[in-house]
Amino acid sequence: MRIDIITVLPELLRSPFEHSILKRAQNKGLVEVNLIDLRDYGLGKHKQVDDYAFGGGAGMVMMIEPIANCINKLKAERSYDEIIYMTPDGETFNQQTANSLSLLKHIIILSGHYKGVDERIREHFITKEISIGDYVLSGGELPAAVVSDAIIRLIPGVLNDETSALTDSFQDNLLAPPVYTRPAEYNGWKIPDILLSGHEKNIDKWRHEKAVERTTKRRPDLLK
Ligand code: ADE
């Protein structure tokens, strides 16, 4: 899979891809992540990428030309399955969307900034608009990292058995059950006896019950 992220702040995005699972996924050749500096497509000697909004109002708007030139260049090199725009008014991201995006070959993620992008970009280039939640961040970079992380860890071969995505919260519409590690007793606080029983079947049953119990209590909407 190849993920091209268009941003005015590539430095802000670099670190999440240089550690742990995301780094390993790239080193294994399972995903290629390219951070593309929109400034390289900026206009004039100041490499301008934003301008005042027509009709007035506070805040700058990202211009159509740099983004169009950037996307057109990428599209001339390969075909893309989705061109995603990160925006608080997009569809809310969830595990199901992560699952389907993880099956794609080439995607572009455009990180918005300022007051947003010229609407014509959304009309003519963007195929999917994603929000990571009902709150407004100062740019689309952190959302792009969140979405990329959720996608990449689902690519076959990225996680090993121990960290299998199949046991994640949400993967089966259930929150994950509680987990414990050594010591078995701390400060008089004991772990559930069943986890020391060595009886795999009963442990699986206990975990499932705890997952259902936790989901019922915290996220009953998931059980519908
Ligand atoms: N840009 C700013 N806030 C955002 C959000 N909540 N989701 C996606 N992109 C954003």
Side-chain angles (χ1 to χ4, degrees), residues 1-19 21-22 31 33-42 48-68 70-71 74 80-104 106-155 168-171 175 218-219 221-222:
M1 181 182 205
R2 177 183 167 120
I3 305 177
D4 290 307
I5 305 180
I6 304 173
T7 168
V8 287
L9 294 170
E11 284 316 310
L12 184 57
L13 266 170
R14 222 170 286 286
S15 170
F17 295 102
E18 286 175 352
H19 302 276
I21 289 168
L22 302 194
V31 66
V33 179
N34 293 295
L35 303 179
I36 300 164
D37 191 347
L38 185 64
R39 196 66 66 178
D40 292 342
Y41 297 82
Q48 186 180 0
V49 294
D50 60 328
D51 209 339
Y52 296 100
F54 276 127
M60 304 294 273
V61 177
M62 289 171 77
M63 303 166 82
I64 189 166
E65 285 152 290
I67 295 172
C70 180
I71 292 177
L74 291 169
Y80 284 89
D81 303 306
E82 293 283 9
I83 302 179
I84 299 163
Y85 174 49
M86 301 311 306
T87 174
D89 59 6
E91 61 174 274
T92 308
F93 191 58
N94 58 25
Q95 192 63 42
Q96 207 177 318
T97 308
N99 288 345
S100 54
L101 291 176
S102 75
L103 301 173
L104 304 181
H106 298 149
I107 63 172
I108 292 174
I109 303 180
L110 172 63
S111 305
H113 239 262
Y114 317 110
K115 266 283 154 200
V117 299
D118 188 304
E119 187 67 17
R120 291 166 292 184
I121 290 285
R122 301 171 71 159
E123 287 168 3
H124 300 289
F125 290 93
I126 298 301
T127 60
K128 194 175 192 63
E129 303 190 324
I130 296 179
S131 162
I132 61 161
D134 288 344
Y135 41 83
V136 179
L137 298 165
S138 39
E141 281 73 22
L142 298 178
V146 166
V147 167
S148 300
D149 184 312
I151 295 172
I152 292 169
R153 59 194 297 288
L154 293 171
I155 297 171
D168 286 344
S169 280
F170 299 112
Q171 205 53 269
L175 301 182
R218 300 184 183 185
R219 292 293 306 276
D221 56 297
L222 294 175

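No hydrogens, no waters, no symmetry mates; every other heavy atom, side chains included, goes into these values. Order of listing sets the numbers, starting from 1, for every ligand and every atom in it.
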Residues 48-55, side-chain donor-acceptor partners within the protein, below 3.5 Å, at least two apart:
residue : atom : partner : partner atom : Å
Q48     : NE2  : D50     : O            : 2.8

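When side chains are defined from C-beta on, I3 counts as touching I152, because their heavy atoms get closer than 4.5 Å.
For ligand 1, the protein residues placed under 4.0 Å by at least one non-hydrogen atom are M86, T87, P88, I130, S131, I132, G133, Y135, V136, L137, G139, P143.
Side-chain polar atoms of E129 and T87 form no donor-acceptor pair below 3.5 angstrom.
Evaluation of the side-chain hydrogen bond (donor to acceptor under 3.5 Å, both in side chains) rule for T97 yields N94 as partners, not counting sequence neighbours. In this structure E119 satisfies the side chain to side chain contact (heavy atoms under 4.5 Å, CB included) test together with R122, E123, sequence neighbours excluded.
Between R120 and D118, at least one side-chain nitrogen of the basic residue sits less than 4.0 Å from a carboxylate oxygen of the acidic one, meeting the salt-bridge criterion.
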